[in-house]
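Numbers here simply count residues along the sequence, with the first being 1.
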Amino acid sequence: MSQDVEASTPFCSPDTDRQQPDPLERIARELLLELGEDPQREGLRGTPARWARWWREFTRYEPGTVETVFESASSTETVSVSGIEVWSLCEHHLLPFFCKVTIGYRPQGQVLGLSKFARIAHQHAHGLQLQERLTADIADTVAKLTASADIAVLCRGEHLCMSMRGIRTPATTTTVTWRGAFADPAVRAEFLALQPLPAPGTGTR
């Protein structure tokens, strides 16, 4: 017979500076009890530790360096990075939502390293979020790092708080931020024309 035993998640208390069991484990055990489960039964013994560790790992995500920029002579060309996939957590229900993110901007003397766009998107996704705020947060950071006022961010998301509960219907939610030159319909149309079309029947993912 298998044994589902997992060590407690080390947690350093800011008051004592000593490692002790993560308080999230206690919360997980109480949740299981409220759901009518036995936290000590096989299959659930290690669940509180795993659950606590997941929350800590997700919310303490470190994106790495996002500030790498290079000189650019152009200020009229549109740079677009699409297909960035991130998971976040709906702050209303604490359920996950998935987003495909597209970022565009017009460089003003410097360009941001391409991998940094994905790092920025993940940086803002790893926490309690709203898709609308996630879109704006990404735009704010790209604007700050590139010193460009011409920013476009488009997010297409599927929310489990709608797919798993309530109406229980999958749907795609689209949020977009247009700033600077992207308020011009012609520039906006150019940006949208750069985006790949999803394969038929694939939806958001």
Quiz item: Under 3.5 Å, is there a donor-acceptor pair linking the side chains of Asp137 and Gln129?
Solution: yes
Quiz item: If you measure from the Lys or Arg side-chain nitrogens to the Asp or Glu carboxylate oxygens, is any gap between Arg133 and Glu91 under 4.0 Å?
Solution: yes
Quiz item: Taking all non-hydrogen atoms of both residues, which atom of Thr102 and which atom of Ser82 are closest, and how far apart?
Solution: OG1-CB, 3.5 Å
Quiz prompt | Same cluster (ILVMFWY, side-chain, under 4.5 Å), Leu130 and Met164 | solution = no
Quiz item: Should Glu190 and Arg106 be marked as a salt bridge (Lys or Arg N to Asp or Glu O under 4.0 Å) after you check the CA-CA gap, both sets of side-chain angles, and the distance that decides it?
Solution: CA-CA 12 Å; Glu190 175 191 356; Arg106 287 191 161 184; 3.3 Å; yes
Quiz item: Quick check: are there more than 12 heavy atoms from other residues, nucleotides or ligands sitting under 6.0 Å from CD1 of Ile167?
Solution: no
Quiz prompt | Within one Ile-Leu-Val-Met-Phe-Trp-Tyr cluster: Leu134 and Leu95, side-chain cutoff 4.5 Å | solution = no
Quiz item: With a 6.0 Å cut-off on ring centres, are Trp178 and Phe191 close enough?
Solution: yes
Quiz item: Is there a path from Val66 to Val153 through hydrophobic residues (I, L, V, M, F, W, Y) whose side chains come within less than 4.5 Å of each other?
Solution: yes
Exercise. Measure the shortest side-chain to side-chain distance between Asp38 and Leu44 over non-hydrogen atoms and say whether it is less than 4.5 angstrom.
Key: no
Self-check item: NZ/NE/NH1/NH2 to OD/OE distance under 4.0 Å, Asp22 and Arg56
Solution: yes
Quiz item: When you check the side-chain N and O atoms of Thr141 and His124, is any donor under 3.5 Å from an acceptor?
Solution: yes
Quiz item: Does some side-chain heavy atom of Ile151 sit less than 4.5 Å from a side-chain heavy atom of Thr177?
Solution: no
Quiz item: Just by distance, do the side chain of Arg188 and the backbone of Asp184 share a donor-acceptor pair under 3.5 Å?
Solution: no
Quiz prompt | Gap separating the OH atom of Tyr105 from the CZ atom of Phe182, nearest 0.5 angstrom | solution = 10.5 Å
Practice problem: Would you indicate whether the side-chain heavy atoms of Leu112 and Ile120 approach each other to under 4.5 Å? | Solution: yes
Quiz prompt | In one Ile/Leu/Val/Met/Phe/Trp/Tyr side-chain cluster, 4.5 Å: Ile138, Leu154 | solution = no
Quiz item: Hey, what do you get for CG (Leu31) to CG (Leu24), rounding to the nearest 0.5 Å?
Solution: 11.5 Å
Self-check item: Minimum side-chain heavy-atom gap Val111-Val69 below 4.5 Å
Solution: no
Practice problem: Answer yes or no: is there an ion pair linking Glu37 with Arg29, defined by an N-O contact shorter than 4.0 Å? | Solution: no
Exercise. State, yes or no, whether a side-chain contact exists between Ser163 and Glu158 at a heavy-atom distance under 4.5 Å.
Key: yes
Exercise. Decide yes or no for Glu25 and Trp51: does some side-chain heavy atom of the first lie under 4.5 Å from some side-chain heavy atom of the second?
Key: no
Self-check item: Shortest non-hydrogen contact from Leu33 toward Pro39
Solution: CD2-CD, 3.5 Å
Quiz item: Do Lys100 and Cys155 have side-chain heavy atoms sitting under 4.5 Å apart?
Solution: no
Practice problem: Please round to the nearest 0.5 Å and tell me the distance separating atom CG of Leu114 and atom CZ of Phe70. | Solution: 8.5 Å
Quiz prompt | Parallel, tilted or perpendicular: rings of His122 and Tyr61 (30°, 60°) | solution = tilted
Quiz item: Between Leu194 and Ser80, what is the shortest heavy-atom contact and its length?
Solution: CD1-CB, 4.0 Å
Practice problem: Hey, could you give me the SG/CE distance between Cys90 and Met162, rounded to the nearest 0.5 Å? | Solution: 12.5 Å
Quiz item: In Å, rounded to the nearest 0.5 Å, how long is the span from CD1 of Ile103 to OG1 of Thr135?
Solution: 10.0 Å
Quiz item: Is there a side-chain contact between Val101 and Phe117 (heavy atoms, below 4.5 Å)?
Solution: no
Self-check item: Heavy-atom pair with the smallest gap, counting every atom of Asp150 and Gln108
Solution: OD2-NE2, 3.3 Å
Quiz prompt | Approximate separation, where rounding is to 0.5 Å, of Arg119 CZ and Glu67 CD | solution = 10.5 Å
Quiz item: Is it true that the side chains of Gln131 and His159 contain a donor and an acceptor less than 3.5 Å apart?
Solution: yes
